[in-house]
Amino acid sequence: MRRRIYLDYNATTPVAPEVLEAMLPFLRDRFGNASSVHWEGQVAKQAVDDAREAVAAFLGVEPREIVFTSGGTEADNLAVQGIARQYAWRGRHVLVSAIEHPAVLEAAKALRHEGFDVETIPVTADGVVDLDRFQEMLRPDTILVSVMAANNETGVIQPVEAIGAVCREREIYFHVDAVQAVGKIPVEPRRWGCDLLSLSAHKIYGPKGVGALYVRQGVDLTPILYGGFQERGRRSGTENVPGIVGLGAACRYIAERWMAEAERLAELRDRWEAELRREWPDVWVHGQRAPRVPNTSMFSLPGTDGEALLIRLDLEGVAVSTGSACSSGRLEPSHVLQAMGVPPEVVRGSIRVSLGRDTTWDDLATLLGVLREVVGAVGG
Ligand code: PLP
């Protein structure tokens, strides 16, 4: 059997050996509850504090501004619902971009049942939030704007700094989902002028089920979980100590490597897309004219079926994705490509390749060969 080739790093990444090493003691003998007063508890608390410092240093913020969560989804829910509920007295208008991850879109949609007016900001054909439309949509009762830093499907980088400047001027809370930006581009909440920012460990060689929300000092949140007042009451529940330690270690791991890695992956991605165009001149590379994170290439081979291609590629030992991995298993076409105005028959043929730590040119050359073989077989 052929060695498997994993090209789905936007869905998740393997845990780095350094991260695993850091976590293991907290899965073995250092099992204390970080809220306990005794020695075992304090060992755990120290580890949580160290991880908080690592995450804060990575983002250039203060440790007290970091709230640990169960992942990107919870961080997004806490940001969107926590701000809306806290500041409902100021207004009930919420804006989210049309290409947000479901963790933001669905959290916002759920607010409609509470009387909030939730609207989606359109994107251009290149998959970038339309800044003119954004400005037109702002109202005196707008309290929250949520726009991701980089899209998980296309990799397109969003103009968060420009949006942040507008929000700041109008005193509107601004949340950035940076889950797919971390480890790929500089992530700078202070420069972006955002009040809240989500990240997730498993996209940066950390464990699944742990993430963090940056909450700028002075910003209050209504919690979505109530209980023992951990995380200063912002997120109750016994701390996931091994996971949090893993997130801290993943931030350290990625901080040392991401720049060199971004350069390497951008070269691979560009070479890959050049080959793709040579082989299939009618290929659509989604978001190709916009700035993109270096590791992501989403394309459509017109006349093919992405789902069928994915299954054939999997049988041949290559793991890719169609649209968002988080929403795979659902048959709905990508809401991101739809928002970009991509015709349905082209959306149908979309495949996302996302590169990472172990990707080499050989992997992409193999994918190209396999694609050549299977496109004829599953086309139409
Ligand atoms: N936001 C974005 C942009 C994502 O890509 C994902 C996961 O794919 C999430 C949020 C959810 O993060 P988690 O899997 O940690 O819940």
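This chain uses plain numbering: 1 for the first residue, then up along the sequence. One-based numbering, in listed order, for ligands and for the atoms of each.
Looking only at side-chain heavy atoms (C-beta outward), His286 and Val346 come within less than 4.5 Å of each other.
With rounding to the nearest 0.5 angstrom, the CG atom of Asn33 is 4.5 Å from the OG1 atom of Thr238.
Close contacts of ligand 1 with Asp177, meaning ligand atoms under 4.0 Å from a residue heavy atom, involve 1 (N), 2 (C), 3 (C), 10 (C). Every atom of ligand 1 with a heavy atom of Met148 under 4.0 Å away is listed here by number and element: 3 (C). Every atom of ligand 1 is numbered from 1 in the order shown, and the set under 4.0 Å from a heavy atom of Asn152 is 3 (C), 5 (O). Close approach to Thr73 involves these atoms of ligand 1, each under 4.0 Å from a residue heavy atom: 11 (C), 12 (O), 13 (P), 16 (O). Applying the 4.0 Å criterion to heavy atoms of Gly71 picks out, from ligand 1, the atoms 15 (O). Interface atoms of ligand 1 facing His202, defined by a heavy-atom separation under 4.0 Å, are 13 (P), 14 (O), 15 (O). Of all atoms in ligand 1, numbered sequentially from 1 with element shown, those under 4.0 Å from a heavy atom of Asp76 are 1 (N), 10 (C). Per-residue contacts place Ser200 under 4.0 angstrom from the following atoms of ligand 1 (heavy atoms of the residue considered): 13 (P), 15 (O).
Geometrically, ligand 1 and Ala103 share no nitrogen or oxygen pair separated by less than 3.5 Å. Ligand 1 has no nitrogen or oxygen under 3.5 angstrom from a nitrogen or oxygen of Asn10.
For Arg112 and Phe116, the positive end is not near the middle of the six-membered ring at less than 6.0 Å and at most 45° from its axis.
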For a salt bridge (charged side-chain N to carboxylate O under 4.0 Å, His left out) check, start with the C-alpha distance between Arg372 and Glu279, then their side-chain angles and the critical distance, and finish with the verdict. CA-CA 8 Å; Arg372 224 178 263 134; Glu279 191 77 30; 3.0 Å; yes
Side chain to side chain contact (heavy atoms under 4.5 Å, CB included) evaluation trace for Glu74 with Ile224: CA-CA 9 Å; Glu74 191 191 324; Ile224 54 175; 4.2 Å; yes
Go through the steps for Asp117 and Arg139 under the test salt bridge (charged side-chain N to carboxylate O under 4.0 Å, His left out), then give the verdict. CA-CA 11 Å; Asp117 188 3; Arg139 305 191 322 213; 2.9 Å; yes
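Around NZ of Lys45, the count of heavy atoms belonging to other residues, nucleotides or ligands within 6.0 Å does not exceed 12. Around atom CD of Glu263, no more than 12 heavy atoms belonging to other residues, nucleotides or ligands sit under 6.0 Å away.
Among Gly206, Ala201, Gly72, the residue whose heavy atom lies nearest to atom 12 (O) of ligand 1 is Gly72.
Using a 4.0 Å heavy-atom cutoff, Lys203 is listed among the residues neighbouring ligand 1.
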